[in-house]
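Accompanying notes for the structure given below.
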Amino acid sequence: MTLPSPESLAELKAALPGAWTQDAAEMAPWLTEWRGRWTGETPLLLQPRTTEEVARAVEICARHGTAIVTQGGGTGLVGGQIPYGEVLLSTRKLRTVRDVTPLDDAMTVEAGVTLLEAQELAKEKDRFFPLSLAAEGSATIGGVISTNAGGTAVLRYGMMRDLVLGIEAVMPDGQVFNGLKRLRKDNTGYDLKQMFIGAEGTLGVITAATLKLFPIMRSRATAIVGLESHHDAVELLARAKAETGGGVEAFELMKRLGMSLVLKNIPDTREPLESTPPWYVLIELASGEPNGAEAAMERLLTAAFEEGLIVDAAIAQNDAQKAEFWRLREEHSAALKPEGGGWKHDVSVPVSRIADFIDEATAAVERFHPGCRVSVFGHVGDGNLHYDVIPGEGEDVAAFIARWMEGSQVVHDVVARYDGSISAEHGLGRLKTDEARRYKSPLEIATMQAIRHAIDPQRIMNPAVLF
């Protein structure tokens, strides 16, 4: 792997007329991670419009041994999309909707289609594409596949890996892998599409994908409930699953600290409940039966009150109130930024051990850094928590941030003791690639390195990430 030579840059520009820029102002927004943690550089931003143009560009880079970083919507949180001298290849202009087939419950779209646009395309055909996350208006299909994004509906529908039927990708030598199938069953050897999912652009450039669609649920009910203890959340989840027969689509835990920061730092937000309990859960139920979700929510909350699992509750009465409830959850990350940032962790542990993990991790970080504040929110239904540690009020923020890596190791060591993962849905990127060596076995690392070497022997594809 080498950084771009003048010869390779000249050949790339000649091969992609009108699909590149070296204008500093044009490139600047795509060189900085949205929280400002990474600011990179590139000598050339490629913006191919077709798979053929992507293949042409990658073949040139392969011949010259020129390194490439692929970028989708730029919404990643671990820095894997930021170049440091490599050619930056954006897939945002791969915008074609190739096929939507309701009878197959499938659609094929190119990598630059946003997640929100994919949801709307499905809805136009009376179908549902379930992946949803806060950045869905900017995040692209290629990006969420490359990072194996999770979001809020994993409990019912799975990660992005579970929602992909087929993939088209340009390999590191410029050849095009055409795996765009609409099949649910295909036992004819290795499932090659899975290699690209979660690979963070290291095995090729995803240019299109065939995605699973689902029937639209005919009723939905959304509520925010208050709890005295996070230990009650897991019991409430079990009760919700039993009450609905699998109809729980989202089950989002929030600590009072995070809620208070949203109310403080995000305009046009308000308290969801009359009380201010220590913990909240946002619950969303869905049913194929008209009014079924609403009835199930009433039964669930009535039983939960009687059993002492919840102390307060509010059911959204319309779409506007539902959107308000979801905004309180989705703005948690943004609400931390005015506090000076913090040590952010995207971790997962077994669902049954979530509450104990929170207790042990919080005790550990408070011993490590007395006076810090802990904000916890996330997807209890799939064991994924965003465990964020922020400075105490009035604390020197720069000094606090300087201890990020040490503090993260404290948290991640607890995660490891609970048989968890240090990256549940964001990937490793630049942030966690080196740290992952502490928690992955030598065999796991060696196997991943062997796969990568077989497919990209020059290591030109996003060379700074994944071991």
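Quick note: numbers below take in every heavy atom, side chains included, and nothing from hydrogens, waters or symmetry partners.
For the pair E425/N384, a side-chain contact is recorded, criterion being any heavy-atom separation below 4.5 Å from C-beta on. With contacts defined as side-chain heavy-atom distances shorter than 4.5 Å, the pair L89/Q47 does not qualify. Residues L261 and L336 meet the side-chain proximity criterion, which asks for heavy atoms closer than 4.5 Å. By the 4.5 Å heavy-atom criterion applied to side chains, W326 and T222 are counted as neighbours. Looking at heavy atoms from C-beta onward, V248 lies in side-chain contact with L285 at the 4.5 angstrom threshold. Side-chain contact between M107 and R127 is absent, with no heavy-atom pair separated by less than 4.5 Å. Between E120 and L116, the closest side-chain pair of non-hydrogen atoms falls below 4.5 Å. Taking the side chain as every heavy atom from C-beta outward, I283 and M297 approach each other to under 4.5 Å.
Using a 4.0 Å cut-off between charged side-chain N and carboxylate O, R95 and E110 make no salt bridge. Between R438 and D413 there is a salt bridge, since at least one side-chain N of the basic residue sits less than 4.0 Å from a carboxylate O of the acidic one. Salt-bridge check for E294 with R220: failed, with every basic side-chain N at 4.0 Å or more from each acidic carboxylate O. Salt bridge annotation for R256-E271: present, with a cationic side-chain nitrogen under 4.0 angstrom from a carboxylate oxygen.
A distance of 6.5 Å separates OG in S132 from CG in L115, rounded to the nearest 0.5 Å. Expressed to the nearest 0.5 Å, how far CG of L211 lies from CD1 of I145 amounts to 5.5 Å. If you take CD1 on I206 and NZ on K193, they are separated by 12.0 Å, rounding to the nearest 0.5 Å. From L236, atom CG reaches atom NZ of K241 across 11.5 Å, with rounding to the nearest 0.5 Å. With rounding to the nearest 0.5 Å, the separation of CD1 in I310 from OG1 in T302 is 8.5 Å. Put simply, OG1 on T42 and CD1 on I68 are 10.5 Å apart, with the number rounded to the nearest 0.5 Å.
Although no hydrogens or angles enter the test, the distance criterion places a donor-acceptor pair under 3.5 Å between the side chain of D312 and the main chain of S275. Looking at E366, its side chain never comes within 3.5 Å of a backbone N or O of P370 through a donor-acceptor pair. With K432 contributing its side chain and G427 its backbone, the two residues share no donor-acceptor pair below 3.5 Å. Checking side-chain atoms of T114 against main-chain N and O of E117 turns up a donor-acceptor pair under 3.5 Å. Put simply, the side chain of T202 gets close to the backbone of A199: a donor and an acceptor are under 3.5 Å apart. Of the possible donor and acceptor atoms, one in the side chain of S441 sits under 3.5 Å from a partner among the backbone N and O of E444. No donor-acceptor pair closer than 3.5 Å links the side chain of E284 to the backbone N or O of A250. Side-chain atoms of N148 come within 3.5 Å of backbone N or O of R161 as a donor-acceptor pair. Of the possible donor and acceptor atoms, one in the side chain of T433 sits under 3.5 Å from a partner among the backbone N and O of L466. Here the side chain of R403 pairs no donor or acceptor atom with the backbone of G407 at under 3.5 angstrom.
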inquiry  = Could you go through H230 and D359, starting from their C-alpha distance and side-chain angles, then the distance that decides it, and tell me whether this counts as side chain to side chain contact (heavy atoms under 4.5 Å, CB included)?
reply    = CA-CA 9 Å; H230 51 299; D359 291 339; 2.8 Å; yes
task = Verify salt bridge (Lys or Arg N to Asp or Glu O under 4.0 Å) between R37 and E33, making sure each step is shown before the conclusion.
result = CA-CA 6 Å; R37 181 157 193 207; E33 185 255 359; over 6 Å; no
request  = Test M448 against I451 for side chain to side chain contact (heavy atoms under 4.5 Å, CB included), laying out the working first.
outcome  = CA-CA 5 Å; M448 285 191 273; I451 292 169; 5.5 Å; no
query = Given F128 and Y157, is the ring-ring contact (aromatic ring centres under 6.0 Å, His included) satisfied, shown in steps?
reply = CA-CA 11 Å; F128 178 56; Y157 297 101; 5.6 Å; yes
key: CA sep, side-chain torsions, deciding dist, call: E252, Y280, side-chain hydrogen bond (donor to acceptor under 3.5 Å, both in side chains)   = CA-CA 8 Å; E252 302 287 303; Y280 299 80; over 6 Å; no
inquiry  = For M461 and L203: C-alpha separation, side-chain torsions, deciding distance, then whether side chain to side chain contact (heavy atoms under 4.5 Å, CB included) applies.
reply    = CA-CA 7 Å; M461 308 302 294; L203 300 181; over 6 Å; no
task = Assess whether side chain to side chain contact (heavy atoms under 4.5 Å, CB included) is satisfied between M171 and I455, documenting all intermediate values.
result = CA-CA 8 Å; M171 304 296 286; I455 294 171; 3.8 Å; yes
request  = Begin from the C-alpha positions of Q81 and N462 and carry the test side-chain hydrogen bond (donor to acceptor under 3.5 Å, both in side chains) through to its verdict.
outcome  = CA-CA 8 Å; Q81 77 275 29; N462 211 357; over 6 Å; no
ask   = Yes or no on side-chain hydrogen bond (donor to acceptor under 3.5 Å, both in side chains) for E200 and S146, after CA distance, side-chain angles and deciding distance?
value = CA-CA 5 Å; E200 301 186 42; S146 292; over 6 Å; no
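The nearest pair of heavy atoms linking I315 to Q321 is O-OE1, 3.8 Å. The shortest heavy-atom contact between V78 and L428 is CB-O, 3.6 Å. Of all non-hydrogen atoms in G258 and S375, the two that sit nearest each other are CA-OG, 3.6 Å. For the residue pair A316 and F325, the shortest heavy atom distance occurs at N-CE1, 3.6 Å. Residue D356 comes nearest to H231 through the heavy atom pair OD1-CE1, 3.3 Å, listed as atom of the first residue, atom of the second, then distance. Considering every non-hydrogen atom in both G226 and L273, the closest pair reads N-CD1, 3.7 Å.
Within the structure, every pair that satisfies the ring pair (Phe, Tyr, Trp, His ring centres under 6.0 Å) test and touches residues 373-400, not counting sequence neighbours, is listed here: H332-F377, W343-F400, F357-Y387, H369-F400, F377-H386, H379-H386, H386-H426.
Side-chain N/O atoms of Q119 and E136 include a donor and acceptor closer than 3.5 Å. S138 and T75 share no donor-acceptor pair across their side chains, judged by distance under 3.5 Å alone.
Put simply, the residue from V389, L385, I422 that forms a side-chain contact (heavy atoms from CB on, under 4.5 Å) with H345 is V389. Each of R373, K344, K337 was checked for a salt bridge (Lys or Arg N to Asp or Glu O under 4.0 Å) with D388, and the lone residue meeting it is K344.
Within a 6.0 Å sphere centred on CG of D319, other residues, nucleotides and ligands contribute 12 heavy atoms or fewer.
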